[in-house]
Amino acid sequence: MAGSAEGFMEFATSCSGRLFRTAWLLTGDWHLAEDLVQETLGKVYRAWTRRSRPDDPAAYARTTLVRTFITQRRRRGSSERPTDSLPEIAVPETDVALRVTLIEALARLDAKDRVVLVLRYWEDRSVEETAAELGLSAGAVRSRCFRALNRLRAVLGTDDLTPRP
Amino acid sequence: MTIEEELELALRAEALRIDPPVVDLVEGGVERGLALQRRFRARLAVGTAALVLVAGAGTVLVVPFLDGDDGGSGPVAAGDDAETGTDAAGTAVAAPPQAEPAGEIDPDAVVDAVVALLPPGEITEADASDNGPDSAWFSFVWDDGTGASWVSGEVSMVASDPGCPVVVNGGSCEFRTLDDGTTLQLQTGPYYPQPDREPDRRQTRVTAVAPTGLSVHLAAMNAPTEKQSEPTRAEPPFSVDQLAAVVTDGVWAELTAGVTPPAPESSGQPQIPDESRALADALGAGWAAGPETTAIPGPEVTTGLPEGVIAGAANLITIGSELSVEQHCIPMEEKGRITHPCTTTIGPGGVTVHVQRATTTLEGPYAQGGYGAELLVIAGPEHQKTRVAITVSDTAEDTTPERREAMDDWLSAQVEAFARAATAGIQEAG
């Protein structure tokens, strides 16, 4: 049985802030993040009213968002390309500046690598959960995560930030 | 600290630095969801049939219908279309629309009418459906050989607000009332309302609202799709006057004859949560609890504001440790909003309170939206801060240095109450 539009509104109001923050981390652009979340909510709305309220609507919406993001990036084709070698940047002296540098470096990663890091370190998803959301194997997620973190470390030009065991 | 921990902190700080535009997101999401539904319904209704339209110049056009988000089958060849007919001269013509039950707007007839009223051009990518019996939307690509244009519109018995919005993107909006009482809203300029977003993507759009409630909207862009395409021409192919001639044509009254406007929906009372009551109580006399942890200032509170200045609702949010006070208080300017550094003071019970002000820019396109000033008061420990904020706004036409000073004075007078509310908010949250 289809879910109610009222129920969807309540859900969308409660989750859109979180979705927008995730979209912001993925796109780094206010308008693109807005587009991405609205596209996502539109797809969730359609599923919700055509079929039924998803069992875990927040997870459903998050999965829709990251997959939509990857699809959009793929469609953008050659307009944006991640660089193989990110420029080395002097390690900033303050925590705030260091974080800004990390966010900038994140934005230059391949879209899928970026999604992996955002899911793992902002959404607190496990490797297995991340793999399920992206339709990848757990090994592929580990490998992407390892590679992406190494690239971030290279950007910072330091070995001090050692990975967790 | 490991890079993972550092990244985790960076992501949290970055994410919580921003205030998501929740209302816009939800409204936009529902709009897109409804559009997806309409496309789905239309696909079901039309199946694989294609409608052949004849443009004014007699060009035979095959319209591939309803290429949805889940992948359409692409253009349909004329020879494949069993519903295609020919006129006396052997030219393919549109298959006559199916007879519709009386009292409904026929989306196919709407597309036929629009195409017939526009100058000659090739029509492709046509899509149309109803939003219910009293409304139909459509879109297609029109191309006269000098640049494809995305054309879209809606015919509805649900009259929309015909007033002009505040335009800050360099475009224009004009509002006219015709002799028969029909109102016209004529807009042209950049498609997106924000001045810094794809200023070369331009659209001309006109909406006519008749005294009967019949609303006809028509828009044309200088690009073949709404998004993710390059402009094909400097300006949209039709002027506002050309579009006005289409939307005020007598055909719309004929196509909507017998269609009944919907009964107005009854408006329910918004839910007032207990947190809002606590916020209003903490702010003091004259404040009333509003929806979603807000409090509305009454006339007793807004005394002192210049006439015409609007005070918004005070709202309370809780911020976790991910966004430090230091980060919150960083001065910056973004999209016409200037955030000033915080000042620190001691609030009720010896609690440290951070007071921040933000104002809108007085120059440039964003200033056309009027002047706004905000007060943001933050209290509580780093791991669980409470922020209470309010905005007062004035129109671009009315704002003067004196009025702005009075607004700022009024906000300054609220600091004590807001510090009290923010401090009370910590106790509530705790």
Any side-chain heavy-atom pair from R17(B) and W24(A) closer than 4.5 angstrom?
yes

Closest contact, heavy atoms only, L25(B) versus L41(A):
O-CD1, 3.5 Å

Are any of the side-chain nitrogens in D124(A) or R12(B) under 4.0 Å away from the carboxylate oxygens of its partner?
yes

Which heavy-atom pair separates S16(A) from V22(B) by the least distance, and what is that distance?
OG-CG1, 3.4 Å

Less than 4.5 Å apart, any side-chain heavy atom of K227(B) and any of D35(A)?
yes

Honestly, the part of L19(A) sitting under 4.5 Å from a heavy atom of chain B is neither

Could you check whether any side-chain N or O of R21(A) sits under 3.5 Å from a backbone N or O of I18(B), counting only pairs where one atom can act as donor and the other as acceptor?
yes

In the structure I gave you, are the side-chain heavy atoms of Y45(A) and R32(B) within less than 4.5 Å of one another anywhere?
no

For residues I103(A) and A10(B), report the shortest heavy-atom separation together with the two atoms involved.
CD1-O, 3.8 Å

Heavy-atom distance under 4.5 Å between the side chains of P21(B) and W30(A), does that happen here?
yes

Output the distance between atom CD (E123(A)) and atom CG (L11(B)), rounded to the nearest 0.5 Å.
10.0 Å

Residues Y121(A) and E8(B): closest non-hydrogen pair is O-CG, 3.3 Å

Checking E326(B) against chain A: side chain, backbone, both or neither under 4.5 Å from a heavy atom?
side chain

Heavy-atom pairs under 4.5 Å with chain A - which of D24(B), V30(B), L7(B), V23(B) has more of them than the others?
L7(B)

